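Heads up, the thing below is written out as structure tokens.
In this chain, residues are counted from 1 in sequence order. Predicted, not measured: the structure shown is a model, and the values here were computed from it.
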Amino acid sequence: MKRQSGTKSLNAMAEEVSRSQCSQYCKHQMARIEYWQAVIASVRFAALASAFPHLYAYLVCIACTQLHKIKDALLLIKKKYMKIQYGNADNIPTEGNEEHLVQSEVKHVVKHHQQVLRYMEVMQDYMSGILGGVFLFLMLVLCIAAFTAVLNLGDATDMTQSALLYVFAMLLSFVYCGFGTLLSDMFDSVRHAAWSCDWVGRPVKYQKAIGFIILISSKGFELSAWNIVPVSNSTLMSINNLIFSVEECLESIKEPTVDAEEIERNRSVLKEKNRELVSGSIGNDISVGKIHENSKASTTRSSSDTHGIRKEATLNDRGNINT
């Protein structure tokens, strides 16, 4: 019987150990699964967050490359006209249809310029609302980073988190504003290239074509968010200045916070001071009472002494009268 009870207890202990081990193993596996789920979710969020900036940069780079092609074509036309001019000045025979070919190239450049301009306008129409939402989100993230940085001054972990959040938002805003400024500068460079083509004194068709490119390019082009805020480096600097001003305002408004331990310490100190004051007031009252008692005793003693002196004086007076 004892052996059977011992074996039963050992079996029960083994079952409990196995159950505990199984529960620990399951908890460990669940923790690993939750960890990898969090990693996958963060990777998905990073991919979604970086997908639109890559698409935006790709579309802007397409427009910039096409504008660069137009600029190179205009410079090549300038070189060809200079070759024709200096060849005729040196009485070198030139082909009769060479100038006609140059004018046809100018027409092709004008058409290409119109196509690129149309592409940029369509990109502005479709990107305007999306860029407005992106800038609003980035402003919200930067304000939250500034608020947490001011609220958690002195805490290293919270300060590093807010700093990383600020850097991430500023990098994204730099991508948007930097590529917008690049597109605007490239569009202006086409105007400078067209102006330097020596179009004065050339055939009328050539002058009209170059003048048309100069007129369209002189208006300029800027990507904008909601057709209000230009996507440029000046907007990035204004956002940065706004965030710094918000941070300074929060620092000026922030009140010094006191921990619960410090509050309890201050309360204990105040209680001890109150006790000392109460005990001191009681001691003062006792000393004042003793002083009053001593003064009363001295007054009674002085009054009894004066009464005795008066009695002795009257007796002496009566003795003298009898004599």
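For the pair F212/Q114, a side-chain contact is recorded, criterion being any heavy-atom separation below 4.5 Å from C-beta on. Residues V60 and L223 are in side-chain contact: their nearest non-hydrogen atoms beyond the backbone lie under 4.5 Å apart. Taking the side chain as every heavy atom from C-beta outward, V190 and H68 never approach each other to under 4.5 Å. Residues Q115 and R118 fail the side-chain proximity criterion, which asks for heavy atoms closer than 4.5 Å. Counting heavy atoms from C-beta on, the side chains of V246 and M139 never come closer than 4.5 Å. Using a 4.5 Å heavy-atom cutoff, the side chains of W195 and S218 are not in contact. Side-chain contact check for I243 versus C143: some heavy-atom pair is nearer than 4.5 Å.
Note on L138: it clusters hydrophobically with L242, by side-chain heavy-atom contacts below 4.5 Å among ILVMFWY residues. I62 and L131 fall within a single hydrophobic cluster, where Ile, Leu, Val, Met, Phe, Trp and Tyr are joined by side-chain heavy atoms under 4.5 Å apart, directly or via other members. Follow the hydrophobic side-chain contacts under 4.5 Å out from F187 and you never reach L75; the two are in separate clusters. Following chains of ILVMFWY side-chain contacts shorter than 4.5 Å, one can reach F168 starting from F174, so the two form part of one hydrophobic cluster. Follow the hydrophobic side-chain contacts under 4.5 Å out from M120 and you reach I130 in the same cluster.
The line from CD1 of I214 to CZ of R191 is 9.0 Å long, rounded to the nearest 0.5 Å. Going from atom SG of C64 over to atom CZ of F179 covers 8.0 Å, rounded to the nearest 0.5 Å. Note that CE of M170 is 7.5 Å distant from CD1 of I239, once rounded to the nearest 0.5 Å. If you take CG on L67 and CG on L182, they are separated by 9.5 Å, rounding to the nearest 0.5 Å. Residue H112 holds its NE2 atom at 4.0 Å from CD of Q66, rounded to the nearest 0.5 Å. Atom CE of residue M186 and atom OG1 of residue T181 lie 12.5 Å apart, to the nearest 0.5 angstrom.
The shortest heavy-atom contact between S173 and L236 is OG-CD1, 3.3 Å. Residues V106 and A209 come closest through the heavy atom pair CG1-CB, 3.3 Å. Between A194 and I210, the shortest heavy-atom distance links the atoms O-CG2, 3.3 Å. The two residues A169 and L142 have their closest heavy-atom pair at CB-CD2, 3.5 Å.
Scored by the salt bridge (Lys or Arg N to Asp or Glu O under 4.0 Å) test, E222 finds no partners at all (sequence neighbours excluded). Remark: Q207 engages W199, R202 in a side-chain contact (heavy atoms from CB on, under 4.5 Å) (not counting sequence neighbours). Partners of E248 by salt bridge (Lys or Arg N to Asp or Glu O under 4.0 Å), not counting sequence neighbours: none found.
In this structure a side-chain-to-backbone donor-acceptor pair under 3.5 Å is present from S184 to F221. Checked by atom type and distance alone, the side chain of S162 pairs as donor or acceptor with a backbone atom of M159 at under 3.5 Å. With hydrogens and angles ignored, the 3.5 Å screen pairs a side-chain donor or acceptor of S128 with a backbone N or O of N227. Judged purely by atom type and a 3.5 angstrom limit, T235 has no side-chain atom pairing as donor or acceptor with the backbone of V231. Using a distance-only test at 3.5 Å, with no hydrogens or angles considered, a donor-acceptor pair links the side chain of Y56 to the main chain of Y176. Under the 3.5 Å distance criterion, the side-chain polar atoms of N152 are matched with a main-chain donor or acceptor of T148. Under a 3.5 Å cut-off, the side chain of K71 and the backbone N or O of S189 do not form any donor-acceptor pair.
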Practice problem: Could you walk me through whether S217 and H113 pass the side-chain contact (heavy atoms from CB on, under 4.5 Å) test, one step at a time? | Solution: CA-CA 10 Å; S217 300; H113 185 262; 3.4 Å; yes
Practice problem: Please step through side-chain contact (heavy atoms from CB on, under 4.5 Å) for the pair Y126 and E121, ending with a clear verdict. | Solution: CA-CA 9 Å; Y126 281 100; E121 289 176 353; over 6 Å; no
Exercise. Take H192 and D188, measure what side chain to side chain donor-acceptor pair (under 3.5 Å) needs, and give me the verdict at the end.
Key: CA-CA 7 Å; H192 294 296; D188 291 334; over 6 Å; no
Quiz item: Can F135 and L172 be said to form a side-chain contact (heavy atoms from CB on, under 4.5 Å), step by step?
Solution: CA-CA 10 Å; F135 272 101; L172 283 178; over 6 Å; no
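Environment of OH in Y119: crowded, with over 12 heavy atoms of neighbouring residues, nucleotides or ligands closer than 6.0 Å.
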